[in-house]
Amino acid sequence: MRIVFMGTPDFAVPSLKALLEAGYDVVGVFTQPDRPRGRGKKLAPSPVKEVALEHGIPVFQPEKIRRDGVEDLKQLHPDLCVTAAFGQILSQEILDIPTRGTVNVHASLLPKHRGSAPIAWAILQGDAEVGVTTMMTSRGIDDGDMLLHYSMPRPAHATCGELTEILSTEGAKLLIETLRRMEAGTLVRIPQDHEAMTYDPMLKKEMGIIDWNQSADEIACRILALNPWPSCSVPYGDGRLKLLRAEALTDEGVPGTILRATPNTGLVIGCGKGAVLITQLQAPGGKPMHSKDYLRGHAMEAGMSLQEKAEDA
RNA sequence: CGCGGGGUAGAGCAGUUUGGUAGCUCGUCGGGCUCAUAACCCGGAGGUCGUGGGUUCAAGUCCCACCCCCGCAA
(Lines give C-alpha, C1' and ligand atoms only; values in the text may rest on other atoms or scores of the structure.)
Protein backbone atom coordinates (compact mmCIF):
# COMPACT_ATOMS: atom_id res chain seq x y z
CA MET A 1 0.00 0.00 0.00
CA ARG A 2 1.46 3.30 -1.13
CA ILE A 3 0.98 5.89 1.61
CA VAL A 4 1.47 9.64 1.51
CA PHE A 5 1.88 11.22 4.94
CA MET A 6 0.87 14.78 5.73
CA GLY A 7 1.87 16.31 9.05
CA THR A 8 3.89 19.09 10.58
CA PRO A 9 4.62 19.36 14.33
CA ASP A 10 5.96 17.00 16.97
CA PHE A 11 2.54 15.47 17.45
CA ALA A 12 2.71 13.97 13.96
CA VAL A 13 6.19 12.50 14.27
CA PRO A 14 5.32 9.29 16.18
CA SER A 15 2.63 8.49 13.61
CA LEU A 16 5.07 8.83 10.72
CA LYS A 17 7.67 6.76 12.53
CA ALA A 18 5.12 4.09 13.38
CA LEU A 19 4.16 3.77 9.72
CA LEU A 20 7.80 3.29 8.80
CA GLU A 21 8.48 0.81 11.59
CA ALA A 22 5.39 -1.17 10.70
CA GLY A 23 6.81 -1.52 7.23
CA TYR A 24 4.31 0.60 5.32
CA ASP A 25 5.50 2.10 2.06
CA VAL A 26 5.56 5.83 2.72
CA VAL A 27 6.19 7.23 -0.74
CA GLY A 28 6.00 10.92 0.08
CA VAL A 29 5.58 13.42 2.89
CA PHE A 30 3.77 16.74 2.75
CA THR A 31 4.53 19.27 5.46
CA GLN A 32 4.38 23.03 6.02
CA PRO A 33 7.12 25.11 4.36
CA ASP A 34 10.19 25.90 6.46
CA ARG A 35 9.46 28.86 8.71
CA PRO A 36 11.75 31.31 10.49
CA ARG A 37 11.94 29.90 13.99
CA GLY A 38 14.10 30.02 17.06
CA ARG A 39 16.55 32.56 18.34
CA GLY A 40 18.32 33.53 15.17
CA LYS A 41 15.01 33.62 13.27
CA LYS A 42 16.60 31.16 10.89
CA LEU A 43 14.57 29.08 8.49
CA ALA A 44 13.86 25.78 10.18
CA PRO A 45 12.29 22.56 8.88
CA SER A 46 9.23 21.10 10.59
CA PRO A 47 9.80 18.09 12.89
CA VAL A 48 8.07 15.88 10.34
CA LYS A 49 10.36 17.06 7.56
CA GLU A 50 13.42 16.17 9.59
CA VAL A 51 12.24 12.62 10.09
CA ALA A 52 11.28 12.28 6.44
CA LEU A 53 14.72 13.42 5.33
CA GLU A 54 16.40 10.98 7.71
CA HIS A 55 14.55 8.20 5.96
CA GLY A 56 15.15 9.49 2.48
CA ILE A 57 11.47 10.09 1.79
CA PRO A 58 10.59 12.75 -0.81
CA VAL A 59 9.32 15.89 0.94
CA PHE A 60 6.79 18.35 -0.50
CA GLN A 61 6.16 21.73 1.09
CA PRO A 62 3.48 23.59 -0.85
CA GLU A 63 2.28 26.84 0.69
CA LYS A 64 -1.23 25.60 -0.13
CA ILE A 65 -1.52 21.95 -1.08
CA ARG A 66 -4.95 22.42 -2.65
CA ARG A 67 -3.49 25.05 -4.95
CA ASP A 68 0.02 23.90 -5.82
CA GLY A 69 0.37 20.39 -4.42
CA VAL A 70 -2.21 18.57 -6.51
CA GLU A 71 0.07 17.46 -9.32
CA ASP A 72 2.81 16.29 -6.94
CA LEU A 73 0.29 14.22 -5.02
CA LYS A 74 -1.11 12.67 -8.20
CA GLN A 75 2.37 11.69 -9.33
CA LEU A 76 2.83 9.69 -6.12
CA HIS A 77 -0.22 7.54 -6.92
CA PRO A 78 -1.12 7.01 -3.27
CA ASP A 79 -3.49 4.26 -2.19
CA LEU A 80 -3.98 6.10 1.08
CA CYS A 81 -3.20 9.45 2.62
CA VAL A 82 -2.58 9.82 6.34
CA THR A 83 -2.83 13.22 7.98
CA ALA A 84 -1.81 14.25 11.48
CA ALA A 85 -1.76 17.90 12.48
CA PHE A 86 -0.88 18.91 8.93
CA GLY A 87 -2.17 22.42 9.33
CA GLN A 88 -3.72 22.79 5.90
CA ILE A 89 -7.25 22.16 4.67
CA LEU A 90 -7.63 19.51 1.96
CA SER A 91 -9.86 20.16 -1.02
CA GLN A 92 -12.15 17.56 -2.58
CA GLU A 93 -9.72 17.36 -5.47
CA ILE A 94 -7.01 16.32 -3.03
CA LEU A 95 -9.25 13.91 -1.17
CA ASP A 96 -10.19 12.18 -4.43
CA ILE A 97 -6.62 11.26 -5.30
CA PRO A 98 -5.87 8.39 -2.85
CA THR A 99 -7.92 5.38 -3.89
CA ARG A 100 -8.62 4.24 -0.35
CA GLY A 101 -9.25 7.69 1.07
CA THR A 102 -7.56 9.79 3.71
CA VAL A 103 -7.21 8.86 7.37
CA ASN A 104 -6.67 11.57 9.96
CA VAL A 105 -5.30 11.26 13.49
CA HIS A 106 -7.02 13.84 15.68
CA ALA A 107 -6.04 14.45 19.31
CA SER A 108 -9.48 14.56 20.86
CA LEU A 109 -12.45 12.40 21.58
CA LEU A 110 -14.58 13.48 18.65
CA PRO A 111 -16.99 15.05 18.16
CA LYS A 112 -15.58 17.22 20.94
CA HIS A 113 -12.74 19.61 20.18
CA ARG A 114 -12.77 19.77 16.44
CA GLY A 115 -10.32 22.34 15.16
CA SER A 116 -6.88 23.29 16.30
CA ALA A 117 -5.13 22.72 19.62
CA PRO A 118 -7.64 20.09 20.80
CA ILE A 119 -5.43 18.99 23.69
CA ALA A 120 -5.00 22.49 25.06
CA TRP A 121 -8.74 23.05 24.85
CA ALA A 122 -9.49 19.78 26.61
CA ILE A 123 -7.30 20.80 29.53
CA LEU A 124 -8.56 24.39 29.46
CA GLN A 125 -12.11 23.16 29.84
CA GLY A 126 -11.17 20.67 32.53
CA ASP A 127 -12.26 17.57 30.60
CA ALA A 128 -12.21 14.40 32.71
CA GLU A 129 -11.39 12.22 29.70
CA VAL A 130 -8.95 12.94 26.92
CA GLY A 131 -7.92 10.89 23.91
CA VAL A 132 -7.22 10.42 20.23
CA THR A 133 -9.52 9.50 17.36
CA THR A 134 -8.76 8.18 13.89
CA MET A 135 -11.23 9.25 11.25
CA MET A 136 -11.84 9.49 7.52
CA THR A 137 -10.97 12.98 6.38
CA SER A 138 -13.74 14.76 4.51
CA ARG A 139 -14.41 18.25 3.25
CA GLY A 140 -15.36 19.80 6.59
CA ILE A 141 -13.01 20.37 9.49
CA ASP A 142 -12.62 17.19 11.52
CA ASP A 143 -16.19 16.12 10.79
CA GLY A 144 -15.60 12.87 8.91
CA ASP A 145 -16.62 9.39 10.04
CA MET A 146 -14.77 8.09 13.08
CA LEU A 147 -12.81 4.84 12.94
CA LEU A 148 -11.09 4.03 16.23
CA HIS A 149 -10.44 5.98 19.40
CA TYR A 150 -8.27 5.79 22.48
CA SER A 151 -9.35 7.46 25.69
CA MET A 152 -7.82 7.92 29.13
CA PRO A 153 -8.53 9.95 32.28
CA ARG A 154 -6.86 13.33 32.05
CA PRO A 155 -3.67 13.28 34.17
CA ALA A 156 -4.36 15.93 36.82
CA HIS A 157 -1.04 17.75 36.66
CA ALA A 158 -0.12 17.23 33.03
CA THR A 159 0.66 20.25 30.89
CA CYS A 160 -0.50 20.49 27.30
CA GLY A 161 3.04 19.69 26.19
CA GLU A 162 3.22 16.56 28.29
CA LEU A 163 -0.21 15.34 27.33
CA THR A 164 0.59 15.97 23.68
CA GLU A 165 3.59 13.71 24.01
CA ILE A 166 1.48 10.95 25.54
CA LEU A 167 -1.34 11.25 23.04
CA SER A 168 1.00 11.45 20.06
CA THR A 169 2.40 8.00 20.84
CA GLU A 170 -1.06 6.62 21.55
CA GLY A 171 -2.24 8.17 18.31
CA ALA A 172 0.56 6.42 16.45
CA LYS A 173 -0.47 3.04 17.86
CA LEU A 174 -4.08 3.77 17.03
CA LEU A 175 -3.13 4.67 13.47
CA ILE A 176 -1.39 1.35 12.91
CA GLU A 177 -4.32 -0.54 14.40
CA THR A 178 -6.64 1.43 12.13
CA LEU A 179 -4.67 0.53 9.01
CA ARG A 180 -4.45 -3.13 9.99
CA ARG A 181 -8.21 -3.33 10.33
CA MET A 182 -8.68 -1.40 7.12
CA GLU A 183 -6.59 -4.02 5.33
CA ALA A 184 -8.47 -6.80 7.08
CA GLY A 185 -11.77 -5.22 6.13
CA THR A 186 -12.99 -5.09 9.72
CA LEU A 187 -13.08 -1.34 10.06
CA VAL A 188 -16.41 0.25 10.89
CA ARG A 189 -17.11 3.86 10.02
CA ILE A 190 -19.01 5.66 12.74
CA PRO A 191 -20.68 8.92 11.76
CA GLN A 192 -20.10 11.70 14.27
CA ASP A 193 -22.96 13.02 16.36
CA HIS A 194 -22.85 16.48 14.85
CA GLU A 195 -25.22 17.82 17.49
CA ALA A 196 -22.65 17.10 20.20
CA MET A 197 -19.70 18.59 18.39
CA THR A 198 -17.60 21.47 19.66
CA TYR A 199 -15.24 23.49 17.52
CA ASP A 200 -12.22 25.21 19.05
CA PRO A 201 -10.39 28.18 17.55
CA MET A 202 -6.63 28.59 17.46
CA LEU A 203 -4.90 29.60 20.66
CA LYS A 204 -4.07 33.26 21.00
CA LYS A 205 -1.40 34.93 23.06
CA GLU A 206 -4.00 37.01 24.89
CA MET A 207 -5.45 33.81 26.35
CA GLY A 208 -2.45 33.77 28.65
CA ILE A 209 -3.82 36.73 30.58
CA ILE A 210 -5.45 35.37 33.68
CA ASP A 211 -8.83 36.48 34.97
CA TRP A 212 -8.24 36.04 38.68
CA ASN A 213 -11.94 36.13 39.40
CA GLN A 214 -12.22 32.66 37.96
CA SER A 215 -12.04 29.69 40.30
CA ALA A 216 -8.74 28.15 41.33
CA ASP A 217 -9.60 25.02 39.33
CA GLU A 218 -10.25 27.01 36.17
CA ILE A 219 -7.07 29.02 36.56
CA ALA A 220 -4.93 25.97 37.29
CA CYS A 221 -6.32 24.30 34.16
CA ARG A 222 -5.63 27.39 32.08
CA ILE A 223 -2.03 27.48 33.28
CA LEU A 224 -1.51 23.82 32.39
CA ALA A 225 -3.38 24.11 29.10
CA LEU A 226 -1.35 27.01 27.76
CA ASN A 227 2.02 25.47 28.69
CA PRO A 228 4.23 25.54 26.67
CA TRP A 229 2.45 28.05 24.39
CA PRO A 230 1.42 30.80 24.74
CA SER A 231 1.76 30.26 28.49
CA CYS A 232 0.08 32.24 31.26
CA SER A 233 1.99 35.14 32.75
CA VAL A 234 1.58 38.10 35.05
CA PRO A 235 3.16 41.54 34.82
CA TYR A 236 6.20 41.62 37.05
CA GLY A 237 8.89 44.26 37.24
CA ASP A 238 10.01 45.26 33.77
CA GLY A 239 8.83 42.03 32.21
CA ARG A 240 6.46 39.21 32.85
CA LEU A 241 6.56 36.25 35.14
CA LYS A 242 5.50 33.07 33.40
CA LEU A 243 3.28 30.75 35.42
CA LEU A 244 3.92 27.27 34.05
CA ARG A 245 2.24 24.93 36.52
CA ALA A 246 -0.25 25.37 39.32
CA GLU A 247 -2.38 23.42 41.74
CA ALA A 248 -5.68 24.51 43.20
CA LEU A 249 -5.85 25.06 46.97
CA THR A 250 -8.85 25.76 49.17
CA ASP A 251 -7.35 28.89 50.75
CA GLU A 252 -9.31 32.09 50.26
CA GLY A 253 -8.01 35.59 49.59
CA VAL A 254 -8.36 38.66 47.41
CA PRO A 255 -8.34 37.52 43.76
CA GLY A 256 -5.08 38.30 42.00
CA THR A 257 -3.08 39.12 45.12
CA ILE A 258 -0.23 37.22 46.68
CA LEU A 259 -1.44 35.32 49.74
CA ARG A 260 1.85 33.71 50.67
CA ALA A 261 5.35 33.86 49.23
CA THR A 262 8.10 32.11 51.17
CA PRO A 263 10.49 29.29 50.30
CA ASN A 264 8.42 27.04 52.54
CA THR A 265 4.97 27.83 51.24
CA GLY A 266 5.72 28.65 47.65
CA LEU A 267 3.82 31.34 45.76
CA VAL A 268 0.11 31.24 46.56
CA ILE A 269 -2.27 33.58 44.71
CA GLY A 270 -5.89 34.24 45.57
CA CYS A 271 -8.61 33.43 43.04
CA GLY A 272 -12.34 34.10 42.76
CA LYS A 273 -12.82 30.81 44.53
CA GLY A 274 -9.92 29.13 46.28
CA ALA A 275 -6.29 29.91 45.52
CA VAL A 276 -3.54 28.53 43.33
CA LEU A 277 -0.10 27.34 44.39
CA ILE A 278 2.37 28.04 41.60
CA THR A 279 4.40 24.86 41.31
CA GLN A 280 6.50 26.06 38.40
CA LEU A 281 7.31 29.53 37.13
CA GLN A 282 9.87 31.21 34.92
CA ALA A 283 11.33 34.68 35.30
CA PRO A 284 12.63 36.57 32.24
CA GLY A 285 15.95 35.05 31.21
CA GLY A 286 15.63 32.34 33.81
CA LYS A 287 14.99 28.65 33.81
CA PRO A 288 11.66 27.12 34.81
CA MET A 289 11.61 26.31 38.52
CA HIS A 290 9.30 25.70 41.45
CA SER A 291 8.08 28.90 43.07
CA LYS A 292 9.70 27.68 46.31
CA ASP A 293 13.10 27.66 44.61
CA TYR A 294 12.48 31.03 43.03
CA LEU A 295 11.60 32.55 46.39
CA ARG A 296 14.92 31.48 47.90
CA GLY A 297 16.63 34.11 45.83
CA HIS A 298 13.83 36.60 45.12
CA ALA A 299 11.57 38.32 47.59
CA MET A 300 7.89 38.74 46.83
CA GLU A 301 5.57 40.50 49.24
CA ALA A 302 2.27 39.08 50.40
CA GLY A 303 -0.57 41.42 49.54
CA MET A 304 0.96 42.54 46.27
CA SER A 305 -1.38 42.44 43.29
CA LEU A 306 -0.50 40.51 40.15
CA GLN A 307 -3.62 41.74 38.41
CA GLU A 308 -3.11 42.87 34.84
CA LYS A 309 -2.76 46.65 34.70
CA ALA A 310 -5.65 48.37 33.02
CA GLU A 311 -3.87 49.67 29.96
CA ASP A 312 -6.64 49.41 27.43
CA ALA A 313 -5.41 51.79 24.78
C1' C B 1 24.72 39.74 11.45
C1' G B 2 16.73 40.60 14.39
C1' C B 3 16.37 42.50 20.05
C1' G B 4 17.56 41.15 25.06
C1' G B 5 18.69 38.40 30.01
C1' G B 6 21.95 34.87 32.31
C1' G B 7 26.16 30.98 33.76
C1' U B 8 29.21 32.16 41.72
C1' A B 9 28.29 25.49 47.19
C1' G B 10 23.11 20.27 46.05
C1' A B 11 18.85 24.47 44.88
C1' G B 12 17.67 29.82 44.32
C1' C B 13 20.36 34.43 44.47
C1' A B 14 23.84 38.82 46.06
C1' G B 15 28.68 40.49 45.12
C1' U B 16 31.19 42.91 39.22
C1' U B 17 29.92 50.13 38.52
C1' U B 18 34.60 52.18 42.64
C1' G B 19 40.03 44.94 41.47
C1' G B 20 42.26 43.60 47.71
C1' U B 21 40.43 37.07 52.84
C1' A B 22 33.63 34.01 48.89
C1' G B 23 28.37 36.09 51.18
C1' C B 24 22.72 35.35 51.84
C1' U B 25 18.23 32.16 51.92
C1' C B 26 17.13 26.96 51.61
C1' G B 27 18.75 22.06 51.73
C1' U B 28 22.35 18.67 53.93
C1' C B 29 25.35 16.55 58.32
C1' G B 30 26.02 16.72 63.83
C1' G B 31 24.08 18.54 68.55
C1' G B 32 20.17 21.00 71.54
C1' C B 33 15.03 22.64 72.78
C1' U B 34 9.70 21.17 72.32
C1' C B 35 3.66 17.07 73.61
C1' A B 36 4.55 18.47 68.61
C1' U B 37 6.00 21.03 63.86
C1' A B 38 7.31 23.37 56.98
C1' A B 39 9.09 25.98 64.12
C1' C B 40 13.44 27.65 67.00
C1' C B 41 18.82 27.65 68.94
C1' C B 42 24.19 26.07 68.39
C1' G B 43 27.97 23.96 65.34
C1' G B 44 30.08 21.68 60.69
C1' A B 45 30.85 20.12 55.63
C1' G B 46 30.37 21.75 50.80
C1' G B 47 32.66 26.62 45.56
C1' U B 48 39.22 25.36 39.99
C1' C B 49 33.16 32.02 40.61
C1' G B 50 31.03 28.48 32.36
C1' U B 51 36.05 27.72 29.27
C1' G B 52 40.78 29.63 27.33
C1' G B 53 43.97 33.66 26.98
C1' G B 54 45.49 38.82 28.50
C1' U B 55 46.35 43.28 31.94
C1' U B 56 47.93 43.65 37.23
C1' C B 57 51.77 43.09 43.10
C1' A B 58 46.65 41.21 43.18
C1' A B 59 40.91 39.34 38.87
C1' G B 60 34.29 36.56 40.52
C1' U B 61 35.29 41.89 39.47
C1' C B 62 38.95 45.00 33.94
C1' C B 63 40.19 43.47 28.32
C1' C B 64 39.77 39.68 24.12
C1' A B 65 37.92 35.07 22.19
C1' C B 66 34.83 30.87 22.73
C1' C B 67 31.01 27.34 24.86
C1' C B 68 26.27 26.65 27.16
C1' C B 69 21.17 28.14 29.06
C1' C B 70 16.93 31.33 28.56
C1' G B 71 13.05 35.51 27.29
C1' C B 72 10.97 38.45 23.05
C1' A B 73 10.03 37.92 18.13
C1' A B 74 8.29 34.02 14.55
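Residue numbers start from 1 in every chain, and the chains themselves are labelled A, B, ... in the order their sequence lines are given, proteins ahead of strands. Values below: all heavy atoms of this structure, side chains included; hydrogens, waters and symmetry mates excluded.
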Please tell me if Arg39(A) has a side-chain N or O lying less than 4.0 Å from either OP1 or OP2 of G71(B).
yes

Passing option when Val130(A) is tested against Met152(A), His113(A), Lys112(A), Glu170(A) for side chain to side chain contact (heavy atoms under 4.5 Å, CB included)
Met152(A)

Measuring only the P atom in each nucleotide, how far is A65(B) from G47(B)? A whole number of Å is fine.
32 Å

Arg296(A) CZ to A14(B) P, straight-line distance once rounded to whole Å:
16 Å

Going from CH2 on Trp229(A) to NZ on Lys205(A), what distance comes out if it is rounded to the nearest 0.5 angstrom?
7.5 Å

Roughly how many Å apart are G7(B) and C41(B), using the C1' atom of each and rounding to a whole number?
36 Å

Examine A73(B): is either OP1 or OP2 under 4.0 Å from a nitrogen or oxygen in the side chain of Lys42(A)? Give yes or no.
no

Asn264(A) CG to G12(B) P, in whole Å, measures 17 Å

Between Arg181(A) and Glu177(A), does at least one N-O distance fall below 4.0 Å, as a salt bridge requires?
yes

What orientation do Phe60(A) and Phe30(A) show, parallel under 30°, tilted 30 to 60°, or perpendicular over 60°?
parallel

Between NZ of Lys287(A) and P of C68(B) the distance, given in whole Å, is 16 Å

How far does the C1' atom of A14(B) sit from the matching atom of U8(B), given to the nearest Å?
10 Å

G-U wobble or Watson-Crick pairing nucleotide for C57(B) (cut-off 3.5 Å, both distances)
G20(B)

Could you check how far CE of Met289(A) sits from P of G7(B), rounded to whole Å?
12 Å

Specify the separation, in whole Å, of atom CG of Leu281(A) and atom P of A11(B).
17 Å

Contact nearer the 5' end of RNA chain B, comparing Arg37(A) with Pro288(A):
Pro288(A)

Whole Å only: how far is the CG atom of Leu244(A) from the C1' atom of G71(B)?
12 Å

Report which part of the nucleic acid Lys242(A) touches: base, sugar-phosphate, or nothing (heavy-atom distance under 4.0 Å, all strands).
sugar-phosphate

Does the structure show a Watson-Crick or G-U wobble partner for A65(B), both distances under 3.5 Å? Name it, or say none.
U51(B)

If I take atom OH in residue Tyr294(A) and atom P in nucleotide G6(B), what distance separates them, rounded to the nearest angstrom?
13 Å

Separation of the P atoms in G20(B) and U61(B), to the nearest angstrom:
11 Å

Would you say the side chains of Ser151(A) and Glu129(A) form a donor-acceptor pair under 3.5 Å?
yes

Can you confirm whether Glu301(A) is buried at CD, in the sense that more than 12 heavy atoms of other residues, nucleotides or ligands lie under 6.0 Å from that atom?
no

Span that lies between the C1' atom of A38(B) and that of C62(B), in whole angstrom:
45 Å

Choosing from U25(B), C72(B), A38(B), which nucleotide comes nearest the side chain of Pro263(A)?
U25(B)

Please measure how far the C1' atom in A9(B) lies from the corresponding atom in U25(B), and state the result in whole Å.
13 Å

Watson-Crick or G-U wobble mate for C3(B), both contacts under 3.5 Å:
G71(B)

From CG of Leu241(A) across to C1' of C70(B) the rounded distance in Å is 14 Å

Quantified in whole Å, what is the C1' atom distance between nucleotide C69(B) and nucleotide G50(B)?
10 Å

Using heavy-atom distances to pick each residue's nearest nucleotide on RNA chain B, tell me which of Pro36(A) and Ala283(A) is more 5'.
Ala283(A)

Taking the C1' atom in each of G60(B) and U21(B), what is the distance between them to the nearest angstrom?
14 Å

